[in-house]
Protein chains: 2
Amino acid sequence: MKNKDAFKCNCTTIHQDIIDSVRSNMPSGEDLYAVAELFKVFGDNTRIKIICALFQSEMCVCDIAKLLNMTQSAISHQLRVLKKARLVKNRRDGKVVYYSLDDEHVKYIFDQGLAHVNE
Amino acid sequence: MKNKDAFKCNCTTIHQDIIDSVRSNMPSGEDLYAVAELFKVFGDNTRIKIICALFQSEMCVCDIAKLLNMTQSAISHQLRVLKKARLVKNRRDGKVVYYSLDDEHVKYIFDQGLAHVNE
DNA sequence: ATAACATATGAATACATGTTCATGTGTATA
DNA sequence: TATACACATGAACATGTATTCATATGTTAT
């Protein structure tokens, strides 16, 4: 066996036709991984609050820290994660750095999520 | 001080008006928590694959395990998480349990996520 | 230049979580 | 009733991650 992980499932195969069909129509593994990584960014209470706050207004780091009653450091770390995921962008004005949303999909994704939990 | 966590941020307040305005228009903490929990479910490579597979067809646990080349146990645990989040439902036919999607928002959320990572 | 302030960041810690392993439950069949 | 199969589940383990703490960077004003 070339791949040591090739047979993790020892079930009797029931619907090979479905398995083959589904497999051939799945997005690439890289795409799926990237999507999971994206949703992981949404899946944190602090980050979802930051995102939700930025729907209304651009804010500086200290504003967000005050709003959420958290340390400047914690917020800064999370803004870094959000920026890496290309969900927020920032601009510097003197000592102050302002963050705002950087994606048109974010609001839509958030709203659909909210719709689900409120259904 | 009534709340021991009330002053985690020691920044000089810069934009109190924005903070007040944003705070008064934020969804409730419970809603935000629920949304984060929902996206946390999407934010796992195995679960996103399961969701994506179920877009195409209902599948039994062993089918999914074979498709993803993972143990039946691991898949079963993740299906439990998905069901708790009301993203999938199941039906039993004899010994076999078939899982399928149980939400109209899921596809939209996934597609928007895919659109973001492919942009 | 020095002090003050806003922000960023590396390391450490504490907590959450995904998979495995062993085993239990439910259903069909011999 | 006994066996086999599909699935579920609790505990253990390993890994990932959010926050804190200390400190560094960058900018402004004195």
Side-chain angles (χ1 to χ4, degrees), chain A residues 4-5 7-15 18-19 33 36-37 39-51 58-85 88-100, chain B residues 4-5 7-15 18-19 33 36-50 58-85 88-100:
Chain A
K4 67 187 162 85
D5 290 332
F7 299 105
K8 282 195 176 180
C9 176
N10 59 352
C11 306
T12 301
T13 301
I14 305 182
H15 309 97
I18 290 181
I19 295 172
Y33 181 80
E37 288 300 304
F39 286 122
K40 204 172 286 182
V41 176
F42 282 88
D44 174 78
N45 206 28
T46 299
R47 288 192 295 265
I48 208 77
K49 285 179 186 170
I50 295 173
I51 289 170
E58 75 169 6
M59 297 180 83
C60 69
V61 180
C62 270
D63 288 345
I64 300 172
K66 284 237 175 241
L67 173 70
L68 304 185
N69 193 31
M70 294 177 64
T71 64
Q72 172 270 321
S73 179
I75 299 300
S76 189
H77 277 293
Q78 296 298 6
L79 285 169
R80 190 171 198 256
V81 174
L82 289 166
K83 192 176 181 190
K84 190 181 175 193
V88 304
K89 61 181 187 295
N90 57 13
R91 68 180 179 87
R92 178 177 278 275
D93 181 14
K95 287 179 293 188
V96 182
V97 177
Y98 292 91
Y99 281 81
S100 57
Chain B
K4 66 188 164 84
D5 291 331
F7 300 104
K8 282 194 173 179
C9 177
N10 60 351
C11 304
T12 302
T13 300
I14 305 182
H15 308 98
I18 290 181
I19 295 172
Y33 180 82
E37 289 299 305
L38 173 66
F39 285 122
K40 204 172 287 183
V41 176
F42 282 87
D44 174 79
N45 206 28
T46 299
R47 288 191 296 265
I48 208 78
K49 284 179 186 170
I50 294 174
E58 76 170 4
M59 297 180 83
C60 69
V61 181
C62 271
D63 288 345
I64 300 172
K66 284 236 177 240
L67 173 70
L68 303 185
N69 193 32
M70 292 178 64
T71 65
Q72 172 270 320
S73 179
I75 298 301
S76 189
H77 277 295
Q78 296 298 6
L79 285 169
R80 191 171 199 255
V81 174
L82 289 165
K83 192 176 182 190
K84 191 180 175 193
V88 305
K89 61 180 187 296
N90 56 12
R91 68 179 180 88
R92 177 179 278 274
D93 181 13
K95 287 179 294 189
V96 183
V97 178
Y98 293 91
Y99 281 83
S100 58

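In the text below, chain A, chain B and the rest are named by the order of the sequence lines, each starting its count at 1. All heavy atoms count here, side chains included; hydrogens, waters and symmetry mates do not.
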Phosphate-side-chain proximity, A:T71 and D:dC21, N/O vs OP1/OP2 below 4.0 Å: no

Where the side chain of A:A74 is defined as all heavy atoms beyond and including C-beta, which of D:dT19, C:dT7, D:dC7 is the nearest nucleotide? D:dT19

A:Y33 OH to D:dG16 C1', in whole Å, measures 11 Å

Hey, what do you get for CD (B:Q78) to CG (B:N45), rounding to the nearest 0.5 Å? 10.5 Å

Could you state the CZ-C1' distance from A:F42 to D:dT17, rounded to the nearest angstrom? 18 Å

Is any side-chain nitrogen or oxygen of B:Q72 closer than 4.0 Å to OP1 or OP2 of D:dA8? no

Side chain of A:Q78 (C-beta onward), nearest among D:dT9, D:dA18, C:dT19: D:dA18

Could you check how far NZ of B:K49 sits from P of C:dG18, rounded to whole Å? 14 Å

At under 4.0 Å, does any side-chain N or O of B:K95 touch on OP1 or OP2 of D:dA4? no

Counting the atoms with a prime plus P, OP1 and OP2 as sugar-phosphate, which does A:K83 contact under 4.0 Å by heavy atoms, base, sugar-phosphate, or nothing? nothing

Mind telling me whether A:F42 and B:F39 have parallel, tilted or perpendicular rings, with 30° and 60° as the class edges? tilted

I'd like to know if the side chain of A:R47 reaches the main chain of A:K40, judged simply by a donor and an acceptor atom lying under 3.5 Å from each other, with no hydrogens or angles considered. yes

N or O in side chain of B:R47 less than 4.0 angstrom from C:dG18 OP1/OP2: yes

Between B:S76 and A:D93, which has a closest nucleotide on DNA chain D that is more 5'? B:S76

Between the side-chain atoms of B:S73 and the base atoms of D:dC7, is any donor-acceptor pair under 3.5 Å? no

d(NZ, B:K66; C1', D:dC5) in whole Å: 14 Å

Any B:T46 side-chain nitrogen or oxygen under 4.0 Å from OP1 or OP2 of C:dT19: yes

A:I50 CD1 to D:dT19 C1', straight-line distance once rounded to whole Å: 13 Å

More than 12 non-hydrogen atoms from neighbouring residues, nucleotides or ligands closer than 6.0 Å to NZ on B:K89, yes or no? yes

Can you tell me how far apart CG (A:L82) and CD1 (A:I50) are? Round to the nearest 0.5 Å. 5.5 Å

Does a side-chain N or O of B:R80 approach OP1 or OP2 of D:dT9 to a distance below 4.0 Å, or not? yes

Using whole Å, report how far CG of A:D44 lies from P of D:dG16. 17 Å

In whole angstroms, how far is the P atom of C:dT27 from the CG atom of B:N90? 13 Å

Are C:dT9 and A:H77 stacked, with the base six-membered ring and the side-chain ring centres under 5.5 Å apart and planes under 30°? yes

Has B:Y33 got more than 12 heavy atoms of other residues, nucleotides or ligands less than 6.0 Å from its OH? no

Less than 4.0 angstrom between a side-chain N/O of B:Y99 and OP1 or OP2 of D:dA6, yes or no? no

B:K40 has its side chain closest, among C:dT7, C:dT17, D:dT17, to C:dT17

Rounded off to whole Å, could you give me the CG-to-P distance for the A:D63 and C:dA6 pair? 10 Å

